[in-house]
Amino acid sequence: MEIMVPHPWPSTPPEAEAIQNELRGRVEPAGSVTPRTVAGLDVSYAGDGGGDRARVAAAAVVLDAETLEVVAESVAVGTSDFPYVPGLFAFRELPTLVEALRGLDATPDLLVCDGYGLAHPRRFGLACHVGVITGLPTIGVAKTAFVGTYEQPGPKRGDRSPLLLDGVEVGRVLRTQDGVKPVFVSVGHRVGLDEACRLTLALAPRFRLPETTRRADRLSRDRLATV
DNA sequence: GCGACAG
DNA sequence: ATCTTGTCGC
């Protein structure tokens, strides 16, 4: 698919924050989302991923939203030149992730990101950034807590509790399987929170994480091992 | 001021 | 994120 990034890749945190503040106004509200295809995005690191200039592999795997079968996939290798800074996470993974997306034959109807969307210090996490850049509906599904406060949701699949930031629900803590740790769902671009949770559950019929994320994780990891 | 902090 | 042994469960 075609992607036009509306800004240069920053090399320092101040430059990155300025870009987030500029792009944050371009996030669009919920529209009607009934995806036929959904793409999962993920990035793997070689060696000490916490260091700068690490070798990375980014993957985009498109699944049929109904059958969860793989219909397309793309991987890109590169380096992450931006340091890992909580809140500026997008700038570390986006360059390679964009390359992976560009390698897809078809354009997915929805993108599922590994991280947060609006549940972010400046309300502009990775999922929002990917959404604004691609123009596609996006949601973020994170594995651990970042910002906001919440109560532990019930023990069953589907149980949820609001993720609050300054008294506003910026996301939801969602249990995708009975008795397993919940995931953190937040809206990225053009999708509502209720819809984001419904989609996340539909994409995770058997495991904790969405099938989209699991496929992208495996593909990016395998690519690093092969190069 | 100090600590916490998506991947 | 990645580095890692053994261990519990389907």
Side-chain angles (χ1 to χ4, degrees), chain A residues 9 13 16-17 19-20 23-24 27 40-61 75-98 100 111-132 138-150 157 163-166 170-174 176-189 193 196 200 205-210 212-227:
Chain A
W9 297 124
E17 285 191 26
I19 290 174
Q20 290 186 327
L23 260 42
R24 139 173 87 177
V27 172
L41 309 177
D42 194 30
V43 177
S44 290
Y45 297 75
D48 182 7
D52 292 6
R53 299 201 60 91
R55 239 164 38 81
V56 303
V61 179
V75 211
V77 292
T79 58
S80 62
D81 303 317
F82 199 89
Y84 170 65
V85 179
L88 298 178
F89 178 56
F91 299 95
R92 185 165 172 70
E93 306 204 327
L94 226 28
T96 314
L97 226 30
V98 166
L111 300 180
V112 178
C113 301
D114 197 25
Y116 287 86
L118 293 175
H120 175 277
R122 280 173 296 284
R123 301 296 210 287
F124 198 75
L126 174 66
C128 295
H129 207 142
V130 170
V132 166
T138 62
I139 66 174
V141 178
K143 299 181 287 297
T144 64
F146 180 32
V147 291
T149 58
Y150 62 93
R157 165 178 162 89
L163 178 60
L164 304 172
L165 189 57
D166 298 322
V170 294
R172 217 162 270 168
V173 185
L174 176 67
T176 54
Q177 296 296 324
D178 292 357
V180 302
K181 283 201 327 178
V183 295
F184 300 77
V185 178
S186 57
V187 165
H189 189 60
L193 189 51
T200 298
R206 173 146 189 222
F207 300 106
R208 180 193 177 219
L209 296 178
T212 37
T213 300
R214 301 183 72 243
R215 292 283 191 173
D217 177 76
R218 188 198 300 179
L219 180 55
S220 61
R221 198 174 310 223
D222 288 350
R223 187 71 173 78
L224 269 190
T226 307
V227 172

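Chain letters run A, B, ... following the sequence lines, proteins first and then strands; every chain starts at 1.
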Check your understanding: Reading nucleotides 1-7 of chain B 5' to 3', which nucleotides get B (base under 4.0 Å from a protein heavy atom), which S (sugar-phosphate only), which -?
Key -> ----SBB
Practice item. Evaluate the ring planes of A/F146 and A/Y116, with Trp represented by its six-membered ring, and classify them as parallel (under 30°), tilted (30 to 60°) or perpendicular (over 60°). Key: tilted
Just list the side-chain donor-acceptor pairs under 3.5 Å for residues 85-92 of chain A, sequence neighbours left out, or say none.
unit_1	atom_1	unit_2	atom_2	d
A/R92	NH1	A/S80	OG	3.2
A/R92	NH1	A/F82	O	2.8
A/R92	NH2	A/G49	O	2.3
A/R92	NH2	A/G51	O	2.9

Exercise for review: For the residue pair A/V27 and A/V132, establish whether any side-chain heavy-atom pair is separated by less than 4.5 Å.
Suggested key: yes
Check your understanding: Where does DNA chain B pair, written as one dot-bracket string 5' to 3', with Watson-Crick or G-U pairs under 3.5 Å, ( ) inside the strand, [ ] for crossing pairs and | for another strand?
Key -> .......
Practice item. Any pair with a residue in residues 123-132 of chain A that passes salt bridge (Lys or Arg N to Asp or Glu O under 4.0 Å), sequence neighbours left out, goes on the list, sorted by first then second residue, please. Key: none
**Study point:** More than 12 heavy atoms from other groups under 6.0 Å of CZ on A/R218
**Key:** no
**Study point:** Stepwise side-chain contact (heavy atoms from CB on, under 4.5 Å) test for A/L23 and A/H129
**Key:** CA-CA 8 Å; A/L23 260 42; A/H129 207 142; 3.6 Å; yes
Are there any protein N/O atoms within less than 3.5 Å of an N/O atom in nucleotides 4-10 of chain C, and if so, which ones and at what distance?
none

Review point. Going by the angle between their ring planes, with limits at 30° and 60°, are A/F184 and A/Y150 parallel, tilted or perpendicular?
Key: perpendicular
**Study point:** Atom-pair distance (CZ on A/R53; P on C/dT2), nearest Å
**Key:** 19 Å
Review point. Judged by atom type as modelled, is there a donor-acceptor pair below 3.5 Å linking the side chain of A/T138 to the main-chain atoms of A/H189?
Key: yes
**Study point:** Watson-Crick or G-U pairs under 3.5 Å in DNA chain C, rendered as dot-bracket with [ ] for crossing pairs and | for another strand
**Key:** ..........
Review point. Any idea which heavy atoms bring A/L41 and A/D114 closest together, and the distance?
Key: O-CB, 3.7 Å
